[in-house]
Amino acid sequence: MAKKKKLALHWKILLGMLIGVVYGLVAARFEWIQFTDYYIKPWGTIFINLLKLIAMPLILFSLISGIGNLKDISKLSRMGLKTITFYIFTTVVAITIGLVLVNLIDPGDSFPKENQAKFTQMYGDQVKEKQADAHDLENRSPLAFFVDIVPENIIGAAGDNSNMLQLIFFSIFMGIAIVILPEEKTKTVRDFFNGMNEVILKIIDIIMEFAPLGVFALLGSIIVEMKGEAALFKALGLYGLTVVLGLLILIFIFYPLLIKFFTKIKIVDFFKGIAPAQMLAFSTSSSAATLPVTMECCEKNLGASNEVCSFVLPIGATINMDGTSLYQGVAAVFIATAFGMDLNFGQQLTIVLTATLASIGSAAVPGAGIVMLVIVLTAIGVPSEGIALIFAVDRPLDMLRTTVNVTGDSSITAIIDRFEKRKNYIK
Ligand code: ASP
């Protein structure tokens, strides 16, 4: 009897997404709101929790084993410098694309003024919440970012998923110590971390079996929740389109160019390889929750080495957000124009600077980008209440920009991996 061919995971996830969208539309139409909330949404929450559950152990074990297996530390600093340079480069390009598009299309100009008051009133409470979050972030020393990275207690750092950079710091520290010590002294420790790394990867495989159901539940319930806002979408159509256009340029032109120039991977293989991660990013709106799958895709499908993936990706998930920064550029100019303000060149340059820093500071969770947008707006003297104008379409745009964020991290990983391999061959 012929063996039944198994459907590839990304097709299963895609199917889950499609059924989720269809279910969401039907449920919204027939108002199965409570049913969705009680019996569908929890599966999505369980799925996200599983992904988050594995994120911390994954970073810990894969980074320590990745760095611990290095022959010498110079490789780490070389890799670190290249990674950061590429991350900053792609972020600045993303914001620039966003700014060029928003200046060309000028969606703020056609924003109906009567909607301004309506939106401000509707989203008043949420705006205050985000402003308060941003205020807490603003009133800090410029060095606070570095202070935040160094944990005072490792259990505490690992106990809160928003402390990802602290765990990365500790893991790099420990990895370095392992490399410095003579090999015979660290054999047991290295074996332990390598073994645990394998175990964690297996757990991710098992979690991914659950992905089609998870994305079905996530998308189905999101659509039901967004239902009432459909009418507002229209008013914001041109703004949304500008952001989407920018994000598409990044995904379909900018990253493929980078991949073509700097790696030997075929563009089709690249997209096929990272498709599961992209779909999860879209469904969860969180690059942090997607991280375990991004790492697996880059390693297994793109063939990047474990040491590169475990170093470049966790850092990328926390600091490299090209989609978010592009969106911040577009949103800032859109809000300013809708308020009747014209931004000069200096102000737009300030957007590039603050949005770069803001995207580094944004947490890799749903809606983080809009908090940091408050800081960008304040920097250019635009009233931050303006975020009320774009709340209605923030979730779908968040889904898309998270997909871009994850694609950006994966591209840089492929590039750094290529650099490292080339270096090894030459030697
Ligand atoms: N949700 C995004 C991420 O996790 C951040 C944002 O733009 O809100 O990558």
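Please read all numbers here as calculations on a predicted model, not as lab measurements. When a ligand or atom number is given, it counts from 1 through the structure's own listing order.
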| task | Would you sort out whether Asn301 and Glu296 count as a side-chain hydrogen bond (donor to acceptor under 3.5 Å, both in side chains), showing the intermediate values? | result | CA-CA 8 Å; Asn301 306 345; Glu296 204 176 61; over 6 Å; no
| field | Atom indices of ligand 1, in the order listed, that fall short of 4.0 Å to a heavy atom of Thr324 | value | 5 (C), 6 (C), 7 (O)
| Min N/O separation Asp398 to ligand 1 under 3.5 Å | yes
| What is the nearest protein non-hydrogen atom to atom 3 (C) of ligand 1, stated with its residue, atom name and distance? | Ser287 OG, 3.1 Å
| message | With heavy-atom distances below 4.0 Å as the criterion, list the atoms of ligand 1 near Ser285. | response | 1 (N), 4 (O)
| Exercise: do Thr45 and Asn49 side chains pair donor with acceptor under 3.5 Å | no
| message | Only heavy atoms of Gly367, strictly under 4.0 Å: list the atoms of ligand 1 that pass. | response | 8 (O)
| note | The protein heavy atom nearest to atom 8 (O) of ligand 1 is Gly369 N, 2.7 Å
| task | Return yes or no for this condition: an N or O of Ala288 is under 3.5 Å from an N or O of ligand 1. | result | no
| Numbering as shown, the atoms of ligand 1 that approach Ser286 to under 4.0 Å (heavy-atom distance) | 4 (O)
| Distance only, no hydrogens: is a donor on one side chain within 3.5 Å (strictly under) of an acceptor on the other, for Thr407 and Gln278? | yes
| field | Donor on one side chain, acceptor on other, Tyr23 and Thr36, under 3.5 Å | value | yes
| task | Determine the interplanar angle of the Phe210 and Phe47 rings, folded into 0 to 90°, and report it as parallel if under 30°, tilted if 30 to 60°, perpendicular if over 60°. | result | perpendicular
| query | Can you find a pair of side-chain heavy atoms, one from Ile176 and one from Leu70, that are under 4.5 Å apart? | reply | no
| request: Any chance you could lay out the side-chain hydrogen bond (donor to acceptor under 3.5 Å, both in side chains) test for Tyr327 and Asp322, step after step, and finish with the verdict? | output: CA-CA 9 Å; Tyr327 139 87; Asp322 302 338; over 6 Å; no
| Is the closest N or O pair between Met321 and ligand 1 shorter than 3.5 Å? | no
| request: For Asn405, counting its heavy atoms only, list the atoms of ligand 1 lying under 4.0 Å from any of them. | output: 2 (C), 3 (C), 9 (O)
| message | How far is atom 2 (C) of ligand 1 from the closest protein heavy atom, and which atom is that? | response | Thr402 OG1, 3.3 Å
| message | Ring-plane angle category for Phe419 and Phe262, please: parallel below 30°, perpendicular beyond 60°, tilted otherwise. | response | perpendicular
